[in-house]
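Encoded as structure tokens, here's the structure I'll be asking about.
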Protein chains: 2
Amino acid sequence: MARKWSISASDSREPPHAPRRKTDSVLNLLGRRIVTGEYAPGDQLPTEAELGKRLKVSRPSLREGLKVLSVKGLVESRTRRGTHVRQRRDWDLLDPDVLRWMATGKPDPELLISLLEVRAIIEPAAARMAAQRAAPAQIAAIEQAYHAMAASLPHDVEACCRHDLELHEAIIDATGNILLRRLAQAIRTTLLAFFRLSANARESYENSLKEHWAVAAAIRRHAPAEAERAMRLLLAGTARDTAPAFAAPVGHKRRRTRASQPEKSDPQAKQTREERNDPEKAAT
Amino acid sequence: MARKWSISASDSREPPHAPRRKTDSVLNLLGRRIVTGEYAPGDQLPTEAELGKRLKVSRPSLREGLKVLSVKGLVESRTRRGTHVRQRRDWDLLDPDVLRWMATGKPDPELLISLLEVRAIIEPAAARMAAQRAAPAQIAAIEQAYHAMAASLPHDVEACCRHDLELHEAIIDATGNILLRRLAQAIRTTLLAFFRLSANARESYENSLKEHWAVAAAIRRHAPAEAERAMRLLLAGTARDTAPAFAAPVGHKRRRTRASQPEKSDPQAKQTREERNDPEKAAT
DNA sequence: TATGACAATTTGTCAGACAAAATAAGAAAC
DNA sequence: GTTTCTTATTTTGTCTGACAAATTGTCATA
């Protein structure tokens, strides 16, 4: 009967913290239940009085959590109709909490693909901008992350993952673009969760270390084009190593098949190949 | 079209005078005050009792709004310390409400530049993906937006702005990428606000109509490379027309000058120019 | 069958109170 | 005079109970 609303048990980022505020524990618990499908879209969840009794919180505290869930697009409340779970398309997929909750459940192929595509778009451009603008301190941060990666490689893959993420975020930080910075921050946890699921992370890292360094070196030398190309290579490799882990659950809810417009039928295809070597292709 | 969805509690379509729920009116009022600087970062705002008296709402209602502000990163509350306005870097710049509030105040050069850069990164890639994958219905939506633009051009610039945005969003929608979709949704209002401030919008549109059509046509013909290039051209023109309106207040808080690393000093520069014609250069 | 008034249910809002936490102030010891 | 411990106070955090508003379901009536 003892309901576990201790979120900290499953939260890896801040283990020692008990849920200080009850409204936050409500938020996390309900958010996770909705995102994992325990409450399905369209479902009406219990009345506030009932929910409060079950979760053992007062109605004001419950309502604060519910209100936050509603601004994150997960639920919608109306008088007399109750509060209903909204459709997935309405969820705020750039909200760190939502992404974190989604990362705890079974990986969603559509989200994974979208995430890899966004990276393939953002990061080469970010590397390019970083090479143009990075200040010495920012370059130092990038290289420090790289060295931390290399140092922790053979034994501590988990730490390597973290420093990998640090490196990518340091690059985005060096662009000086506040929106990109926030975007990187949003996808951080999801990316980390997906990396963890990648089975052969260690060999993958051993292969890609020099690719990481190529990016860092190009940024240090202020060579935008080279940084962009190096990042494309790096991402292509990462996608190649990550994709197999999710090959099984694919074919789920994707609206259209990805190959419905084969590029070979496109007269511009050759020209396309000349311009770039399509990391997003490898992501599918 | 399904333009009904509003992810945030307070939609921009809603007139400023009709906040049904008090907690939303609190949210909007305080949010706007914070973003416009009426409450500066670091400031401690009045106690909940005092604020409730001033805004004429009860403490629970006030607290719901305050809680939402805290998840948006605008404020932070602690017992005995009160609730303080957080630093700008902590604000959730991908939150539609925050961006909307920022768009109401005087335009922030840093945000504008970041926004133009993000567009320059995202949209060419999106056009490319759309050309690869767009379903007939999505192509129709794109072209419909274009025709609406063209129809409302000479007399109704405001409507033209809206349909312009519709066109860009239809393209991003056609990528099938749920994260990109959410991103476009976030920057929608800000972009619209900035467009409105652009003085010579009409002439700008008259010049760029054919550039818009070039993008749509390339997507219809499923020509990715051409769509990408056309979008680059379009954005370069838009940036050129938009930037002058904000030339005056620039030189504000940008950490470094943008040209501190002139590309000519980069040995890779020529190669870079071959690959793309640098729309983000025009954005600066 | 259609229609209107009425009742029931659920969220929205309010008021007041106590608990918890963290700072500020003051007292005691050195 | 300075330091340290204790105490007091302020502010958020939470609870209880109640009423208002809105919307739906029901039932009586034409």
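Order of the sequence lines sets the chain letters (A, B, ...), proteins ahead of strands, with each chain counted from 1.
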Handout entry: Those residues that, when tested against Arg80(B), pass side-chain contact (heavy atoms from CB on, under 4.5 Å) (two or more places apart)
Key =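 side-chain contact (heavy atoms from CB on, under 4.5 Å) check on Arg80(B) returns nothing, list empty.
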
Handout entry: Presence of salt bridge, Arg86(B) and Asp92(B), under 4.0 angstrom
Key =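 A salt bridge is absent here (no side-chain N lies under 4.0 Å from a carboxylate O).
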
Handout entry: dC15(D) OP1/OP2 closer than 4.0 Å to side-chain N/O of Ser61(A)
Key =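 Indeed, a polar side-chain atom of Ser61(A) lies that close.
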
Exercise for the section: Mind calculating the distance between CG (Leu62(B)) and P (dT14(D)) to the nearest angstrom? Expected result: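 Distance check: Leu62(B) CG to dT14(D) P gives 15 Å.
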
Problem - Lys53(B) NZ - dC14(C) C1' separation (whole Å) - result: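 Those two atoms, NZ and C1', are 16 Å apart.
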
Practice task
Whole angstrom is fine here: how far is it from CD in Glu64(B) over to C1' in dT11(C)?
Solution key: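 Distance check: Glu64(B) CD to dT11(C) C1' gives 10 Å.
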
Write down the protein N/O and nucleotide N/O pairs, taken from nucleotides 15-19 of chain C, whose separation is under 3.5 Å; answer none if there are no such pairs.
unit_1: dA17(C); atom_1: N6; unit_2: Arg59(B); atom_2: NH1; d: 3.2

Exercise for the section: Measure from CD on Glu50(A) to C1' on dT9(C) and round the result to the nearest Å. Expected result: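 Result: 14 Å.
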
Exercise for the section: Rounded off to whole Å, could you give me the NZ-to-P distance for the Lys56(A) and dT16(D) pair? Expected result: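 It is 13 Å, rounded to the nearest whole Å.
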
Practice task
Flag yes if more than 12 heavy atoms outside Glu143(B) fall under 6.0 Å of its CD atom; otherwise flag no.
Solution key: yes

Practice task
Apply side-chain hydrogen bond (donor to acceptor under 3.5 Å, both in side chains) to Glu38(A) and list each qualifying residue two or more places apart in sequence or on a separate chain.
Solution key: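 For Glu38(A) there are no side-chain hydrogen bond (donor to acceptor under 3.5 Å, both in side chains) partners, ignoring immediate neighbours.
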
Fill in the blank from the handout: Whole-Å distance, Arg21(A) CZ to dA21(C) P, equals 11 Å

Handout entry: Residue-phosphate contact under 4.0 Å: Lys22(B) side-chain N/O, dC14(C) OP1/OP2
Key =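 The answer is yes; a side-chain N or O of Lys22(B) sits under 4.0 Å from OP1 or OP2.
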
Practice task
Sequence neighbours left out, what passes side-chain contact (heavy atoms from CB on, under 4.5 Å) with Thr190(A)? Give chain and number order.
Solution key: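 By the side-chain contact (heavy atoms from CB on, under 4.5 Å) rule, Thr190(A) matches Leu99(A), Leu111(A), Leu115(A), Phe194(A).
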
Handout entry: Qualifying residues under side-chain contact (heavy atoms from CB on, under 4.5 Å), relative to Arg59(A), sequence neighbours excluded
Key = Glu48(A), Arg63(A)

Problem - Partner set under ring pair (Phe, Tyr, Trp, His ring centres under 6.0 Å) for His168(B), not counting sequence neighbours - result: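 His168(B): ring pair (Phe, Tyr, Trp, His ring centres under 6.0 Å) contacts with His212(B).
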
Exercise for the section: Output all residues satisfying side-chain contact (heavy atoms from CB on, under 4.5 Å) with Ser152(A), sequence neighbours left out; order by chain, then residue number. Expected result: Asp156(A), Ala159(A), Cys160(A), His163(A)

Completion exercise
His84(A) NE2 to dT10(C) P, in whole Å, measures 11 Å

Exercise for the section: Let me know the distance between CG of Leu66(B) and P of dT14(D), rounded to the nearest Å. Expected result: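 My rounded result for the distance is 14 Å.
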
Fill in the blank from the handout: Applying salt bridge (Lys or Arg N to Asp or Glu O under 4.0 Å) to Asp164(B) and not counting sequence neighbours gives none

Completion exercise
In B/S/- notation (B base, S sugar-phosphate only, - none; protein heavy atoms under 4.0 Å), nucleotides 4-11 of chain D written 5' to 3' is -----BBB

